[in-house]
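Here the structure is laid out as structure tokens; the discussion comes afterwards.
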Amino acid sequence: MNNQTKDSLSDERGGVDDITPVFSTGVGIDVATIIQISKSKDEPEWMLKLRLKAYQVYLEKEMPDYGPDLSGIDLSQIKYFQRATDRIARTWEEVPDEIKTTFERIGVPEAERQYLAGSAAQYESEAVYSNLKRDLEDQGIIFMDTDSALKKHPELVKEYFGTLVTMEDNKFAALNTAVWSGGTFLYVPKNVHADVPIQSYFRINAGRTGQFERTLIIVEEGASVNYVEGCTAPNYSEDSLHAAVVEVFVKKDGYCRYTTIQNWSTNVYSLETKRAQAAKNATMEWVDGNLGSKVTMKYPSIYLVGEGATGSMLSIAAAGANMHQDTGAKMIHMAPRTHSTIVSKSICHNGGRADYRGLIKYTKEAVKAKSHIECDTILMDNNSASDTFPINDIETSDGTIEHEAHVSKISEGQLYYLKSRGLDESTASQLIIMGFLEPFTKQLPMEYAVELDRLIKFQMEGSIG
Amino acid sequence: MAKLVIKNLRVAVAGDLILNGVDLEINDGEIHALMGPNGTGKSTLSETIMGNPRYQICDGQIILNDMDITELMVDERARAGIFLAMQYPTEVAGISNADFIHAALNAQNDGKSVPVLPFLKELEEKMSFLEIAEDYADRGLNADFSGGEKKRNEILQMMMLKPKLAILDEIDSGLDIDALKIVAKGINAMRGRNFSCLMVTHYQRLLNYVIPDVVHVMMDGKIIKTGGAELAKQLEKTGYGNLN
Ligand SMILES: Nc1ncnc2c1ncn2[C@@H]1O[C@H](COP(=O)(O)OP(=O)(O)OP(=O)(O)O)[C@@H](O)[C@H]1O
Ligand SMILES: [Mg+2]
């Protein structure tokens, strides 16, 4: 549907168009750069102070000492701030054929391709967005980029910003706090139910995420929202490091589902910190698909702080040649009768690697906590690999944890059955993979599901038969 | 045309010779029953005709309508018109029954997509003919189906795919009385010059509803006796002990 609802929010999303001239801070980062970023956006003093403090923390923090090899990141060569709308990475001729073919195969509309490939700065806009925006405003929902929110709703931003993911959390959270730009701000007032999924602007815009986005979602008591961001199509990024921070607050009886699909090009290190907090009887659901990048490190967490709160994580990761997906989830149970579920599915092909890394924690307060973890992996060949690193940290005595992990090849029995009906090896394998991913796919909005199916088929082609 | 000829078939599984020189001829439009004690090689023969790679053909030939298919892969044989309703149908979660059958039809249509609307209409008709509830079209392929439901689903696939030769391996096992009649109705509906069938069964029960043209008895990897429908009735009384 969104293939038609074209809209560039470039003017909405920057939110700074009327203030500063186009500029980039060049490569590298220092105190002056940070001051420049903050001034260029005309930020309140407290934000600048926060950025500077975070920068110090960033300098002191070590790189993560676990998981994938990050030695390929040269932090001194990164451009920490560029106006998103001015980045034309290349001409269409320079876009790698591989990416063009993928667009073709998964049916990305012609008009969107140049934008996604980074060879067009802007996407033709239509009025659809403003209609949606009006609907949301009528319900009292605030939905804008985080820079604009800082201007228009500074008190709200100040109250929540950095309180869940503190700058002390990890090196990249500190870096994000120091240099963040863009991201989504979403506020859903008490008892308001946003009935349609709210997509991060439009799919097409979501494709061009910035490097250091900062997203803040607040779902007030009894309210509910379903937020979708990202893009199935390959997203060619010049920037080798993407370090976003996402904070989600779900108040008493609230509900939030946060769906992300990411398909970075394989030069990208995607190191994200996503965290949510669920109050009494609230529900938080992460739905997370990682289809691209060179390295992804992402372990969305949910702090179940209120009695009866529920958290769930449903994720897929596909790792092909030269890719390492290190993903998982953390469920921190801090109140009685809190429940969590983690379902993680991965496919490794052409020598790719996908690991699951997870934490289940029950604090003393978390009496009668329950948790269920399922990790399923399909290895398409002998060069691909997968591992699971689950940690349980339990301080109660009456909780339950179920953990299941399966690593397998495509089942010979299933292949034979499908082939006995006339399907050739590669079609049969594709169908089995689709079936494997179906618990994830069926949770996606239609257009994402269709594209994801096509993408996986296309990615699998090289690795089957 | 739907004629199967098997000549002197010898088959080994995991190094053991199981079929020891099977000869069999099924003419256009004929339905044959294959009976015999447990473990004598009936499923082995069925799987070998289908082309299951676990069964190694050491000697002999399988010919469908004058085409030697002995060397063909399983999917090629399926596209040539062979269908096997398996003794234990496999479950594949996440692929809907309807999508699967559509994919199979496409595969048998040179990979060209069979128009969806007529397909769905036919699927609905056949499901209702077999008294399969509508929602089974959207359920995962055999996923969490009961034993009898799986069997019925095999017949549904057969009716949709319209093979030249169907091999039904104990299609009657695990069926309740009503389901048996429904499955028999499905098989009888396929009868015709362009459909031949090999039914593996242990019981006369099925043969009361689907009257076979020919009955074979297999023992120790060989067909040791061949007769008409009355042979099965006789076996019901005397058992296999008195043969030879
Ligand atoms: N995949 C296999 N691996 C090892 N042995 C096998 C395999 N398949 C069949 N066999 C053996 O081959 C012999 C014949 O088995 P088959 O399944 O063909 O018998 P059947 O006549 O169909 O028996 P039933 O009436 O019990 O279904 C048996 O001894 C069986 O153990
Ligand atoms: Mg058998």
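So that the names make sense, note that chain A is the first sequence line, chain B the second, and so on, each numbered from 1.
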Residue B:L84 versus chain A: region with a heavy atom under 4.5 Å: both
Chain A heavy atoms under 4.5 Å from B:P89: which part of the residue, side chain, backbone, both or neither? both
Can you see whether A:K298 engages A:T260 through a side-chain donor-acceptor pair at a distance of less than 3.5 angstrom? no
Validation row: A:V228, A:P445 side chains within 4.5 angstrom (heavy atoms): yes
Heavy-atom contact with chain B under 4.5 Å, split by part of A:L437: neither
If one checks every heavy atom of B:A103 against chain A at 4.5 Å, the contacting part turns out to be both
For B:D172 and B:H202, test the side chains for any donor-to-acceptor distance below 3.5 angstrom and give the result as yes or no. no
Top of A:M434, A:R421, A:K419, A:K442 for chain B proximity - count of heavy-atom pairs under 4.5 angstrom: A:R421
Taking every non-hydrogen pair under 4.5 Å, which of B:R54, B:M73, B:E47 racks up the most with chain A? B:E47
Measure from NZ or CZ of A:R257 to the centre of the six-membered ring of A:Y255, then state whether that distance is under 6.0 Å and the direction lies within 45° of the axis. no
Contacting region of B:E91 [heavy-atom separation from chain A under 4.5 Å]: backbone
Once the angle between the rings of B:H102 and B:F119 is folded into 0 to 90°, is it parallel (under 30°), tilted (30 to 60°) or perpendicular (over 60°)? tilted
Going by atom types alone, do A:S346 and A:Q325 pair a side-chain donor with an acceptor below 3.5 Å? no
Interchain contact, B:L141 with chain A, by part (heavy-atom threshold 4.5 Å): side chain
Relative to chain A, which of B:D99, B:V92, B:I82, B:N142 shows the most heavy atom pairs under 4.5 Å? B:V92
Is a donor from one side chain sitting under 3.5 angstrom from an acceptor on the other, for B:N65 and B:K3? no
